[in-house]
Amino acid sequence: MTTSSESARPKVVISGVDKSFDTRAGPLEVLTDVNLTVHEGEFVCLLGPSGCGKSTLLNIVGGFERPTSGTVTIEGEAVTAPDKRRVFVFQEYGIFPWASVWDNVALGLGGQPRDKVIETVQYYIDLVGLSGFEKTYPMELSGGMKQRVEVARALAVDPDVIYMDEPFGALDSLTRLQMRAELIKIWKQEQKTILFVTHDVDESVQLADRVVVFSERPGRIKEVVEVGLEHPRDLGSPEYGVAKNRLYELLGVLHTI
């Protein structure tokens, strides 16, 4: 599924966002004049070197940081604080070590009827491939399985936007490939809007409808690249190589396939 920005409605609108932090040495400019529209159901990767402000922008969109200037709106409503309709998935495992897989996934479902909670939790445990591990504790899980729990917990609360900040960065290369494939399957089924931070070119080409390429700090958008390839993507295809090389070029890295 490749979402067309011409047919999908705007979901997240970032307008003229600047961000600086006060330091002992004076203001540190992190982001400058960021403008971006993310459409309903779109998978957008924010790509750039470490320290370019990608995660800061995600925190601003999520309501955890306020921009120095500019605005962020979701469905026309200004973002001023975190909203339970949107969830984060981080690189560091945020699941609770003292709670089972089941209890971790059920965490955000308090107040719902018991039958509904059971149905929802089991559905998302099955969806991420953890059937049979419901009573297992995080210390007994691999890194990839822990990330599956995080994804299931995020989806269980039925968010309209999911923010992912390098969620697979701590995994080994094979597990990362598997998790990317699983994430795409889930995204196609659930049709959520996803904003995904990465500094990995391959990851961005494998996942995204569009890749937003940032400059070094202070981060600004250099170019938005539309990948234009259907899923599942052939990592050895000429078209994949063209998209990948374009991103390396924008990042100032010479690369040949």
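What you see below is based on every heavy atom in this structure, not just the backbone, and it leaves out hydrogens, waters and symmetry mates. This one's a predicted model, so the numbers in the text were calculated from it and none came from an experiment.
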Side chain to side chain contact (heavy atoms under 4.5 Å, CB included) for Phe214 and Val197? Distances and angles first, verdict last. CA-CA 11 Å; Phe214 283 79; Val197 165; over 6 Å; no
Side-chain touch Asn104/Pro138, heavy atoms, less than 4.5 angstrom: yes
Could you check whether Gln191 and Glu40, counting side-chain N and O atoms only, form a donor-acceptor pair closer than 3.5 Å? no
Under a single-linkage definition using a 4.5 Å side-chain heavy-atom cutoff for Ile, Leu, Val, Met, Phe, Trp and Tyr, are Tyr124 and Leu107 assigned to the same hydrophobic cluster? no
Start with the C-alpha distance between Val17 and Val72, add both sets of side-chain angles, then the distance that settles side chain to side chain contact (heavy atoms under 4.5 Å, CB included), and finish with yes or no. CA-CA 8 Å; Val17 163; Val72 176; 4.0 Å; yes
Sub-4.5 Å side-chain heavy-atom contact between Thr193 and Asp160: no
From Thr23 OG1 over to Leu28 CG, what is the distance, rounded to the nearest 0.5 angstrom? 6.0 Å
Within the structure provided, determine whether Val44 and Val211 are in side-chain contact (heavy-atom separation under 4.5 Å). no
Heavy-atom nearest pair, Ala106 first then Val117, reads CB-CG1, 4.3 Å
Heavy atoms, side chains only, cut-off 4.5 Å: are Val224 and Val213 in contact? no
Minimum-distance pair of heavy atoms, taken over all atoms of Gly129 and Arg148: CA-NH1, 4.3 Å
So which atom in Gly41 and which in Asp209 form the shortest heavy-atom distance, rounded to 0.1 Å? O-OD2, 4.4 Å
SB check Glu75 Lys11 (cutoff 4.0 Å): yes
Same apolar cluster: Met145 and Met179, side chain cutoff 4.5 Å: yes
With a 3.5 Å distance limit and no angle check, can you tell me whether Thr175 reaches the backbone of Leu171 through a side-chain donor-acceptor pair? no
Give the C-alpha distance, both sets of side-chain angles, the deciding distance and a yes or no for side chain to side chain contact (heavy atoms under 4.5 Å, CB included) between Gln206 and Tyr240. CA-CA 8 Å; Gln206 288 172 33; Tyr240 184 93; 3.3 Å; yes
Taking the side chain as every heavy atom from C-beta outward, state whether Asn35 and Ile14 have any atom pair closer than 4.5 Å. no
Step by step, would you call Glu77 with Arg85 a salt bridge (Lys or Arg N to Asp or Glu O under 4.0 Å)? CA-CA 13 Å; Glu77 180 182 341; Arg85 292 172 293 177; 3.5 Å; yes
So among Ile221, Val34, Leu36, which one has a side-chain contact (heavy atoms from CB on, under 4.5 Å) with Leu46? Leu36
Assess whether a salt bridge exists between Asp202 and Arg233, defined as any Lys/Arg side-chain N lying under 4.0 Å from an Asp/Glu carboxylate O. no
Taking all non-hydrogen atoms of both residues, which atom of Ala156 and which atom of Leu109 are closest, and how far apart? O-CD2, 3.4 Å
For Tyr123, check ring pair (Phe, Tyr, Trp, His ring centres under 6.0 Å) against everything at least two apart and list the hits. none
Check whether Leu177 and Val227 end up in the same hydrophobic cluster, where Ile, Leu, Val, Met, Phe, Trp and Tyr are linked by side-chain heavy atoms less than 4.5 Å apart. yes
Testing the basics here: between Thr32 and Pro218, what is the closest heavy-atom pair and its distance to 0.1 Å? CG2-O, 4.0 Å
Assess whether side chain to side chain contact (heavy atoms under 4.5 Å, CB included) is satisfied between Ile184 and Ile186, documenting all intermediate values. CA-CA 5 Å; Ile184 287 299; Ile186 292 167; over 6 Å; no
Return the CZ to CG distance between Phe168 and Asp200, rounded to the nearest 0.5 Å. 11.5 Å
Rounding to 0.5 Å, atoms NE2 (His199) and CG (Leu47) come to a distance of 9.5 Å
Salt bridge present between Arg9 and Glu42 (N-O < 4.0 angstrom): no
In this structure, are over 12 heavy atoms from other groups packed under 6.0 Å from Arg246 atom CZ? yes
Taking the six-membered ring of Phe133, is NZ or CZ of Lys135 closer than 6.0 Å to its centre and within 45° of its axis? no
State whether the number of non-hydrogen atoms from other residues, nucleotides or ligands found under 6.0 Å of Lys222 atom NZ is greater than 12. yes
Heavy atoms, side chains only, cut-off 4.5 Å: are Ile95 and Glu150 in contact? yes
If I take atom CZ from residue Arg180 and atom CZ from residue Arg176, how far apart are they, to the nearest 0.5 angstrom? 6.0 Å
Do we see a donor-acceptor contact under 3.5 Å between the side chains of Glu166 and Thr198? no
Hey, mind stepping through Asp126 and Gln122 against side-chain hydrogen bond (donor to acceptor under 3.5 Å, both in side chains) and telling me if it holds? CA-CA 6 Å; Asp126 294 344; Gln122 194 62 56; 2.9 Å; yes
Under 3.5 Å, is there a donor-acceptor pair between the Thr68 and Asp18 side chains? no
Lys192/Asp158 salt bridge by N-O under 4.0 Å criterion: yes
Kindly list each side-chain donor-acceptor pair under 3.5 angstrom involving residues 52-64, sequence neighbours excluded, with atom names and distances?
| residue | atom | partner | partner atom | Å |
| --- | --- | --- | --- | --- |
| Lys54 | NZ | Gly48 | O | 3.0 |
| Lys54 | NZ | Pro49 | O | 3.2 |
| Ser55 | OG | Asp165 | OD1 | 3.0 |
| Ser55 | OG | Asp165 | OD2 | 3.0 |
| Asn59 | ND2 | Ser55 | O | 3.3 |

Can you list the steps and then say if Arg217 with Glu29 is a salt bridge (Lys or Arg N to Asp or Glu O under 4.0 Å)? CA-CA 7 Å; Arg217 190 177 67 235; Glu29 191 177 6; over 6 Å; no
Measure the shortest side-chain to side-chain distance between Glu223 and Glu249 over non-hydrogen atoms and say whether it is less than 4.5 angstrom. no
Testing the basics here: between Ser204 and Cys45, what is the closest heavy-atom pair and its distance to 0.1 Å? CA-SG, 3.8 Å
In this structure, would Trp98 and Val149 fall into the same cluster of hydrophobic residues linked by side-chain contacts under 4.5 Å? no
To the nearest 0.5 angstrom, please state how far the CG atom of Leu141 sits from the CG atom of Leu130. 7.0 Å
Is there a path of hydrophobic side-chain contacts, each under 4.5 Å between heavy atoms of I/L/V/M/F/W/Y residues, joining Val157 to Met164? yes
Anything under 30° is parallel, anything over 60° is perpendicular, the rest tilted; go ahead and classify Phe196 against Phe43. tilted
Can you find a heavy atom in the side chain of Val101 that is under 4.5 Å from one in the side chain of Ile125? yes
Verify the neighbour count for atom CD of Glu216: are there more than 12 heavy atoms of other residues, nucleotides or ligands below 6.0 Å? no
Just say parallel, tilted or perpendicular for the rings of His231 and Trp187, cut-offs at 30° and 60°. perpendicular
Could you measure the distance from the CD atom of Glu239 to the NZ atom of Lys244? Nearest 0.5 Å is fine. 14.5 Å
